[in-house]
Amino acid sequence: MNNLFNIKDYVVVITGGTGVLGRTIAEYLALEGAKVIILGRKEDVGNEIAAKIVAAGGQCEFMKTDVMNQEIVQNNCDEIIRKYGRVDTLLNAAGGNMPGATISPDKTFFDLQADQFQTVLNLNLTGTVIPTQVFLKPMVAQGKGSIINFSSMAAFRPMTRVCGYAAAKAGISNFTAYMATECAKKFGETIRVNAIAPGFFITEQNRSLLTNPDGSYTERGKDVIRQTPFGRMGEPEELCGTIHYLMSDAAKFVTGTVAVVDGGFNTFAM
């Protein structure tokens with residue numbers, strides 16, 4: 001029972017691992033003894049992150065991917081299985097947004113660009129479905145595995161502006177619940193699927209939306225703080241404990257849940 005949180009030698013795959021949140025989680029898990037493979041599009045950035053983690057004493061490597069291309073993701077998986085023999089955890093952290101899939105205060109729904117809306121849906125939702133389909137196979141073969149998807153506060157509330165992103169993240173929460181049942185019923189209780197829903201963290205994607213060039217909050221940033229009982233944005237490392245829990249045997253009876261890490265944002269009423 002004392003080893004419930006032990007993740008030493010877990011083989012962990014992180015899509016979108018070059019982002020602010022993904023790289024922080026990758027470093028934490030590697031220094032906890034996991035063997036971390038970062039998948040992403042930015043080869044130079046990914047190799048730099050992996051090298052930094054290795055220099056700190058962790059095991060990590062980067063592989064270039066495209067989460068919307070099943071053949072490429074399958075090739076990644078095949079290489080990982082050749083090198084490590086198994087995959088214990090998949091973190092689906094890849095995602096993003098586009099201007100044409102948002103509706104700013106000076107625009108209306110008629111300004112939404114359907115092609116960019118579709119791209120955002122594909123990147124976030126299909127970009128979660130494809131890696132799940134690929135990396136689930138070795139988990140089923142080995143008889144154990146954990147998949148953790150990345151949902152969002154936008155999945156709980158229909159937030160202004162982020163029309164495409166919110167629709168995609170709501171889809172991820174639903175997909176998580178669906179896959180939890182699908183896996184448990186057809187592959188057994190040792191295959192678990194959960195999600196994490198971060199509150200507001202400053203990333204390269206939302207920095208200009210939430211903060212001014214001088215670091216002060218924009219009006220939208222102030223709205224977030226006003227509705228967050230903790231009165232601040234989250235720090236990336238504050239996601240690590242929940243991720244650690246969900247992937248470990250400490251959560252072996254937990255599946256289909258969306259774990260909220262938001263400083264109380266989703267509980268705020270008025």
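The model shown is predicted, which means the values in this text are computed figures rather than measured ones.
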### All salt bridge (Lys or Arg N to Asp or Glu O under 4.0 Å) counterparts of R232, not counting sequence neighbours
E238

### Task
Indicate the atoms forming the closest heavy-atom contact of R192 with S248, along with that distance.
NH2-O, 3.2 Å

### Message
Quick check: do F62 and V45 have side-chain heavy atoms less than 4.5 Å from each other?
### Response
no

## Note on the structure
On a heavy-atom basis, the closest approach of T242 and A259 is CG2-CB, 3.7 Å

### Query
Got a sec, which residues hit ring-ring contact (aromatic ring centres under 6.0 Å, His included) with F200, two or more places apart in sequence or on another chain?
F265

### Task
Using the rule that two of Ile, Leu, Val, Met, Phe, Trp, Tyr join whenever any of their side-chain heavy atoms come within less than 4.5 Å, decide whether L4 and V12 are in one cluster.
yes

### Summary
Tested for side-chain contact (heavy atoms from CB on, under 4.5 Å) against L246, the lone hit among L91, I148, T255 is I148

### L90 and T15, any side-chain heavy atoms less than 4.5 Å apart
yes

### Message
Donor-acceptor check, side chain of N206 to backbone of F201, threshold 3.5 angstrom: yes or no?
### Response
yes

#### Entry: Pairing residues for K64 by the salt bridge (Lys or Arg N to Asp or Glu O under 4.0 Å) criterion, not counting sequence neighbours
none

### Task
Report the relative orientation of the aromatic rings in H244 and F5; use parallel for angles under 30°, tilted for 30 to 60°, perpendicular for over 60°.
perpendicular

### Task
Evaluate the side chain to side chain contact (heavy atoms under 4.5 Å, CB included) criterion for residues L239 and T24: first the C-alpha distance (whole Å), next the side-chain angles of each, then the deciding distance (0.1 Å), finally the verdict.
CA-CA 9 Å; L239 295 173; T24 300; over 6 Å; no

